[in-house]
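Below: one structure, written as structure tokens.
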Amino acid sequence: MAIADDLKKTLTDPTPLYFAAGTADLAVQQAKKVPELIEQLRAEAPARIEAVKNTDPKAVQEAVTSKVAEVFGAIDPKKIGETAQDLALRGVGVAAEYAVRAKETYDKVAEHGEQAVRAWRGEVSEEIVDIAVVVEPRPEPTPEAKAEPASEAAAEERPAAKKPAARKTTAKKAAVTADDAS
């Protein structure tokens with residue numbers, strides 16, 4: 001049964017789909033920046049090419065030779081074993097850290113994807129709706145509403161009927177604002 005439950009959970013988990021949607025949305029955002037980067041490269045390319053042409057190959061060779069001599073001069077053959085073991089342990093620690101960072105990034109992109117899917121569907125997150133209800137002022141009663149008899153049941157029905165309508169209009173405004181900000 002545990003395998004069947006794990007399989008069911010895996011097949012019904014929307015997180016990978018949200019991750020894909022988030023990745024696509026982020027890719028679109030980055031793709032919008034490409035024309036600007038191309039223009040920047042086009043403007044900087046002649047200066048960079050000229051700098052490479054004017055570089056003296058002998059000076060580059062001397063700098064590389066001195067750097068290599070410095071690195072090989074610092075190596076102590078007795079400490080190579082200790083250094084290799086130390087590097088291996090550091091590698092394990094770094095790999096574990098990267099695994100944690102990868103999971104955090106995966107979760108962030110999946111959350112971004114969920115928000116993107118909601119925006120594409122025209123939905124708004126519950127938090128925005130709750131904030132909008134608190135921020136939006138209550139409508140002033142019309143003169144007709146003041147003239148009606150004020151029984152407790154009628155008074156309770158009116159706010160209950162008006163509150164969802166206010167939430168829907170606020171949600172639509174918030175969704176448009178969120179789309180415009182992107």
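Since this is a predicted model, take the numbers as computed values, not measurements. Residue numbers start at 1 and run along the sequence shown.
With salt bridges taken as basic N to acidic carboxylate O contacts below 4.0 Å, one links Glu97 and Arg101. Ion pair Arg42/Glu39 flagged as a salt bridge, since at least one NZ, NE, NH1 or NH2 atom sits closer than 4.0 Å to an Asp/Glu carboxylate oxygen.
The shortest side-chain heavy-atom distance between Val109 and Tyr18 does not fall under the 4.5 Å cut-off. For the pair Asp107/Phe19, no side-chain contact is recorded, criterion being any heavy-atom separation below 4.5 Å from C-beta on. Lys67 is listed as a side-chain neighbour of Glu70, based on a closest heavy-atom distance under 4.5 Å.
When only modelled atom types and interatomic distance are considered, Glu44 and Gln40 share a side-chain donor-acceptor pair under 3.5 Å.
Residues Val64 and Phe72 share a hydrophobic cluster, clusters being chains of Ile/Leu/Val/Met/Phe/Trp/Tyr side chains in contact below 4.5 Å.
Atom OG1 in Thr15 sits 8.0 Å away from atom CD in Glu114 (nearest 0.5 Å). A distance of 10.5 Å separates CD of Gln30 from CG of Asp25, quoted to the nearest 0.5 Å. Interatomic distance, Leu41 CG to Glu36 CD, rounded to the nearest 0.5 Å: 11.0 Å.
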Quiz: residues 49-63 side-chain donor-acceptor pairs under 3.5 angstrom, not counting sequence neighbours:
unit_1: Asn54; atom_1: ND2; unit_2: Glu50; atom_2: O; d: 3.2
unit_1: Thr55; atom_1: OG1; unit_2: Ala51; atom_2: O; d: 2.7

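Sorted by first and then second residue, the side chain to side chain donor-acceptor pair (under 3.5 Å) pairs involving residues 87-96 (not counting sequence neighbours) are Asp86-Arg90.
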